[in-house]
Every structure is written in structure tokens, then in C-alpha cells.
Q: 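One structure follows; several queries about it will come next.
Keep in mind it's a predicted model, so treat the numbers as computed, not measured.
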Amino acid sequence: MKSVRFFKICILSLLVRMSPAIAQSDNAQSKLLTAACGCEETLEQAIDKVSRIYAGFDDKVTAQTRPAYDKLVKDLRRRAPGAKTEGECLKILQDYTGFFKDSHVFMIWQGWKSQGTAARKANALRTHSVQFKKLNADFLYLKLGLFNQQEVNQVDSILVANKALLASTPYLIFDLRGNGGGNAGTSDEMAKLIYTNPIVYPSWDYRSSSEYITSMEKELKSQKDTASPYYARAQRLLKAVKENPGKLVTDGEDLQRTYDIDPKAYPQHIAFLMDKGCGSATEFFIYEGKQSKKVTLFGTNSHGVMDYGSDQNFDLCDGTFNLAVPWGRNGWVREFRIDNVGFAPHVRIPTGEDDWVAFVQRYYAKRDRAGK
């Protein structure tokens with residue numbers, strides 16, 4: 001078992017959801033499974049780990065859905081002995097993870113490794129993930145197409161280099177469309193840009209399992225700053241998960257992010273452009289934006305994948321297949337859920353509207369004329 005960087009999970013997740021026709025054309029899927037690691041054993045390991053580790057298991061397998069889940073598992077166990085190739089077993093494993101309808105629960109097949117490498121290389125060559133320009137005297141435009149650290153650092157550099165321009169421009173359009181996330185979070189510069197009041201982060205719940213306990217113990221041993229309040233918080237969480245095997249345990253009090261910034265500072269109005277392609281870390285940024293009095297969300301619903309997170313991956317049997325599963329549940333589920341629904345925009349951009357940037361400009365112009 002090992003933790004994986006979220007970026008790797010996102011890239012491989014895209015490969016998992018490629019067209020079945022393309023996937024089935026790969027001759028490697030006809031490779032026979034080894035005698036020591038047949039599909040039956042691999043399936044049982046997947047069922048065991050998901051049922052024990054997945055933070056959303058009890059939310060997904062309820063009294064209402066249990067009959068369908070049990071029926072699926074029974075059917076897959078019947079099919080597994082007949083799956084002799086990697087491709088046949090992969091289909092069975094995907095049928096199992098597909099039940100949960102969670103983009104963070106999926107299978108990685110070793111035959112995709114070379115494709116994953118190619119995808120990461122292609123991603124590294126992207127040159128238009130971050131863009132910044134002045135539209136006119138009133139509007140600036142900033143695009144973040146990928147939430148990786150490299151792109152976030154570029155955004156930070158832009159915000160720092162253009163402080164004077166930002167401070168004299170009333171409107172900013174922040175384009176997040178198609179940003180499925182990455183390995184970074186919201187930077188201080190990004191948070192300061194939208195800040196009007198303390199940003200609240202509800203405490204997460206973590207599913208207690210032997211794997212989670214081992215991971216936490218290793219993490220605590222590696223920490224040098226044992227006087228940090230975060231170290232004490234982690235110690236309390238470790239104690240709680242040990243005392244509550246199999247249960248979800250809250251990791252403490254809600255956290256807040258605060259800055260000494262004038263909430264009336266320009267840009268006074270920030271439009272987030274969002275669509276179904278916005279997921280993961282981008283949805284965290286959208287959540288932060290929803291708490292700001294400056295931010296208005298424009299577009300369509302986001303993807304809806306961050307009720308569960310802190311993805312881990314586990315090799316099954318001989319490592320031919322690898323299971324990705326999150327053992328954390330976002331604390332915002334105590335108030336609302338976005339699973340497979342996403343965050344809704346404040347202003348929905350109509351289907352058929354091709355120029356979303358122009359739509360936002362017209363929206364604010366009309367509002368200003370109305371004196372609002």
C-alpha cells in the first residue's frame with residue numbers, strides 16, 4: 001500500500017474512463033492471469049478493502065441499496081472463476097467499483113502504465129493552462145486550466161506581478177472551466193484575491209482501518225515539529241481511530257483561513273466560470289469562492305467528486321491491478337452533499353451561449369445599469 005499524488009490519480013482516472021472499444025483493442029488485455037493471482041482472489045481483495053477502507057461505503061451501501069449491492073457481488077463472484085485474462089478480470093473489477101459512482105473509487109490496470117506516462121508527459125507540455133490578460137478598462141481575465149503546483153505557482157506570479165493593475169480594476173473573470181483538479185491546493189495569493197471574511201473548512205471524517213492507522217503512525221514518526229498544533233491534532237485523531245475500528249472519526253474542530261485584507265479592495269467583483277469539468281481541487285476553490293462576498297459563480301454545475309477524498313491506492317494480489325479508494329469524507333457533508341451533482345452556479349449560463357466571457361460582462365453591465 002502506498003499513498004499517491006492526487007495528480008497521478010486524476011490522470012489514471014481519465015485512462016480508466018476511456019472508451020471501452022479503445023481499451024479492448026489493447027492486445028495486452030488478452031494476457032493470462034497467473035495461477036497464484038486469479039480473478040477470484042483479486043476480486044475478494046477489492047471487496048474487502050473497499051468495504052473496510054472507503055469512507056463512503058456506508059453512505060453508498062444503505063438499507064435501500066444493500067439488496068442491489070449484494071446481488072452485484074454475488075454475480076461478480078459467479079463470473080470471476082471464468083475470467084482467465086487480465087482484460088476479462090478488469091471488466092469484473094470495474095463493474096464492482098462502478099457501483100459506488102465515485103470518481104475516486106476505481107481500478108488501475110498495469111497495462112495503462114505506459115499510457116499514464118504518456119499522458120503525464122503530454123500534460124507537462126501544456127502551455128495554455130494559465131492565461132492572464134486585460135479585456136478593457138474594467139475587466140481582467142485569468143484562466144487556470146489545471147490545479148497542479150506548477151500552474152498554481154504561475155498564477156501566484158501573475159497576481160504578485162500585477163498587484164497594481166488588479167487593485168485598480170473592478171472586475172475579474174476567473175476561468176476554471178475544464179479544470180478537473182491536480183496535486184495542489186488554493187495558494188495564499190489566490191485566497192487573498194477572493195477574501196472578504198474568514199474562510200471556513202469543515203473538519204474531515206476518516207474511516208478507521210489498519211491501513212489508515214499504519215499510515216498515520218508512519219506520518220507522525222516522520223514529523224520533526226512535534227510542538228506544532230497540527231501534530232497534536234494528528235495524535236488525537238490517531239488515538240480516536242484506534243478506539244473506533246471501522247468507524248468514521250472526525251479529525252477535530254473546523255479550521256479557518258484569515259487575512260488582514262480590506263474586503264472592499266479591488267477587484268470588487270470576481271466571476272468564477274465553471275462547468276461539469278471542474279472537479280477535485282477546483283471544487284475546493286469553488287467552495288472557498290462561495291464564502292466570499294466578491295465571488296459570483298457563472299456557468300453550469302461542477303463535477304461533484306469531493307464529498308470523499310484523500311485517495312489512497314493499494315496493489316491487489318500480484319499488482320496487476322491497483323485499487324484507488326478514498327478514506328476521508330469531507331466535513332461539508334454534515335450540511336450538504338455534492339456527490340454526482342456538483343456545486344450549482346449562482347448564475348446559470350444558458351445552453352447555446354458560446355461566449356461565456358461576454359455573457360459575464362453583459363450581466364455585470366446590466367446589473368450596474370439597474371443600480372445594484
Side-chain angles (χ1 to χ4, degrees), residues 6 140 142-144 147 151-152 155-156 159 163 166-167 169-177 179-182 184-205 229-230 233 250-310 328-339 341-349 356 360 363-364 367 372:
F6 198 70
L140 297 174
L142 177 60
K143 174 184 176 181
L144 178 61
F147 233 111
E151 283 72 23
V152 170
V155 168
D156 281 358
L159 295 177
K163 276 189 180 296
L166 287 160
T169 308
Y171 296 96
L172 171 69
I173 297 174
F174 205 138
D175 193 346
L176 301 168
R177 288 175 292 177
N179 189 333
T186 304
S187 67
D188 279 337
E189 291 298 329
M190 293 169 65
K192 290 175 183 177
L193 177 70
I194 66 172
Y195 187 82
T196 59
N197 45 268
I199 303 172
V200 178
Y201 301 88
S203 60
W204 278 56
D205 302 322
Y230 295 101
R233 182 185 179 106
T250 301
D251 73 345
E253 299 298 319
D254 295 349
L255 299 176
Q256 288 192 2
R257 199 173 192 169
T258 60
Y259 299 99
D260 184 14
I261 292 176
D262 182 359
K264 297 181 180 179
Y266 276 17
Q268 188 64 57
H269 307 284
I270 301 176
F272 279 11
L273 295 184
M274 54 186 271
D275 61 11
K276 195 65 175 177
C278 294
S280 182
T282 308
E283 287 185 305
F284 270 114
F285 188 41
I286 290 170
Y287 175 66
E288 291 164 328
K290 282 172 62 68
Q291 298 183 56
S292 169
K293 296 179 177 65
K294 291 184 177 184
V295 174
T296 301
L297 309 180
F298 289 84
T300 65
N301 284 42
S302 63
H303 194 62
V305 297
M306 276 316 301
D307 282 357
Y308 309 98
S310 191
R329 186 175 71 177
N330 202 317
W332 66 38
V333 302
R334 291 187 282 275
E335 298 180 29
F336 62 87
R337 293 175 183 265
I338 66 167
D339 195 38
V341 176
F343 285 113
H346 297 121
V347 180
R348 192 167 295 276
I349 295 181
W356 285 22
V360 170
Y363 173 88
Y364 282 123
R367 192 190 65 172
K372 296 181 179 179

Q: Is there a donor-acceptor pair closer than 3.5 Å between any side-chain N or O of Arg334 and the backbone N or O of Ser203?
A: yes
Q: Roughly how far, to the nearest 0.5 Å, is the CD1 atom of Ile261 from the CG atom of Asn197?
A: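 These two atoms lie 11.5 Å from each other.
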Q: Testing the basics here: between Ser280 and Gly181, what is the closest heavy-atom pair and its distance to 0.1 Å?
A: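 Looking at all heavy atoms of both residues, the closest pair is CB-CA, 3.9 Å.
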Q: Please confirm whether the backbone N or O of Pro267 pairs with a side-chain atom of Thr169, one donor and one acceptor, at under 3.5 Å?
A: no
Q: For a 4.5 angstrom cut-off between non-hydrogen side-chain atoms, does Tyr259 reach Asp188?
A: yes
Q: Can a donor-acceptor pair be found, under 3.5 Å and without considering hydrogens, that links the side chain of Thr196 to the backbone of Lys293?
A: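 Flag set: sc Thr196 to bb Lys293 pair under 3.5 Å.
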Q: His269 versus Arg367: any side-chain heavy-atom pair under 4.5 Å?
A: yes
Q: Do Trp332 and Asp307 get their side chains close enough for a donor-acceptor pair, meaning under 3.5 Å?
A: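 On atom types as modelled, these side chains qualify, holding a pair under 3.5 Å.
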Q: Looking only at heavy atoms, which two atoms of Cys278 and Ile286 are closest? And how far apart?
A: CB-CD1, 4.1 Å
Q: Find out whether Leu193 and Leu172 are in side-chain contact, i.e. whether some heavy atom of one side chain is under 4.5 Å from a heavy atom of the other.
A: yes
Q: Check Gly289 against Val295 and note the closest heavy-atom contact, atom names and distance.
A: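 In terms of heavy atoms, the two residues are closest at O-CB, 3.2 Å.
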Q: Taking the side chain as everything from C-beta on, heavy atoms only, tell me whether Pro170 gets closer than 4.5 Å to Tyr266.
A: yes
Q: So which heavy atom on Gly331 is nearest to which on Pro202, and how close?
A: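 Closest approach of Gly331 to Pro202: C-CB, 3.6 Å.
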Q: Please name the pair of heavy atoms, one in Ala281 and one in Gly182, separated by the smallest distance, quoted to 0.1 Å.
A: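 Distance-wise, the nearest heavy atoms are CB-N, 4.3 Å.
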Q: Taking CD in Glu253 as the centre, count heavy atoms belonging to other residues, nucleotides or ligands within less than 6.0 Å. Is the count above 12?
A: no
Q: Roughly how far, to the nearest 0.5 Å, is the OG atom of Ser187 from the CG atom of Leu159?
A: 7.0 Å
Q: Rounded to the nearest 0.5 Å, how far apart are CG of Leu176 and CG of Leu273?
A: 7.5 Å
Q: Is Asn301 close to Phe343 at the side-chain level, that is, under 4.5 Å between some pair of heavy atoms?
A: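 No, their side chains stay 4.5 Å or more apart.
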Q: Compare all side-chain heavy atoms of Glu189 with those of Val155 and state whether any distance is below 4.5 angstrom.
A: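 No; the side chains remain at least 4.5 Å from each other.
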Q: Which pair of heavy atoms, one from Ile338 and one from Glu283, lies closest together, and at what distance?
A: CD1-OE2, 3.7 Å
Q: Would Arg177 and Thr300 count as having a side-chain donor-acceptor pair, cut-off 3.5 Å?
A: no
Q: Supply the atom-to-atom distance Phe272 CZ to Thr282 OG1, rounded to the nearest 0.5 angstrom.
A: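 Rounded to the nearest 0.5 Å, the CZ-OG1 separation comes out at 10.0 Å.
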Q: Do the charged groups of Glu151 and Lys143 touch, with an N to O distance under 4.0 Å?
A: no
Q: As a test of understanding, state which of Lys294, Lys290, Glu288 forms a side chain to side chain contact (heavy atoms under 4.5 Å, CB included) with Ser292.
A: Lys294
Q: Please find out if less than 6.0 Å separates the ring center of Phe174 from that of Phe298.
A: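 Between Phe174 and Phe298, the centre distance exceeds or equals 6.0 Å.
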Q: Kindly determine whether Asp175 and Met274 satisfy side chain to side chain contact (heavy atoms under 4.5 Å, CB included), including the steps that lead there.
A: CA-CA 7 Å; Asp175 193 346; Met274 54 186 271; over 6 Å; no
Q: How long is the span from the OG atom in Ser310 to the CZ atom in Arg329, to the nearest 0.5 Å?
A: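 It is 14.0 Å, given to the nearest 0.5 Å.
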Q: State whether the side chain of His303 and the backbone N or O of Gly277 hold a donor-acceptor pair below 3.5 Å, judged by distance alone.
A: no
Q: Are Asp205 and Asp251 packed together at the side-chain level, in the sense that at least one heavy-atom pair is separated by less than 4.5 angstrom?
A: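 No - every pair of side-chain heavy atoms lies 4.5 Å or more apart.
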Q: So, do Asn330 and Tyr308 sit near enough that their side-chain heavy atoms are less than 4.5 Å apart?
A: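 No, their side chains stay 4.5 Å or more apart.
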Q: Measuring from Trp356:CH2 to Ile349:CD1, what's the distance to the nearest 0.5 Å?
A: 5.0 Å
Q: Measure up the Phe147 and Phe285 rings against each other and bin them: parallel (under 30°), tilted (30 to 60°), perpendicular (over 60°).
A: perpendicular
Q: Determine, step by step, whether Gln256 and Ile199 satisfy the side chain to side chain contact (heavy atoms under 4.5 Å, CB included) criterion, reporting the C-alpha distance in whole Å, the side-chain angles of both residues, the deciding distance to 0.1 Å, and the verdict.
A: CA-CA 5 Å; Gln256 288 192 2; Ile199 303 172; over 6 Å; no
Q: With a 3.5 Å distance limit and no angle check, can you tell me whether Arg257 reaches the backbone of Tyr195 through a side-chain donor-acceptor pair?
A: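 No, Arg257 side chain to Tyr195 backbone: no donor-acceptor pair under 3.5 Å.
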Q: For a side chain to side chain contact (heavy atoms under 4.5 Å, CB included) check, start with the C-alpha distance between Leu144 and Asn179, then their side-chain angles and the critical distance, and finish with the verdict.
A: CA-CA 7 Å; Leu144 178 61; Asn179 189 333; 3.6 Å; yes
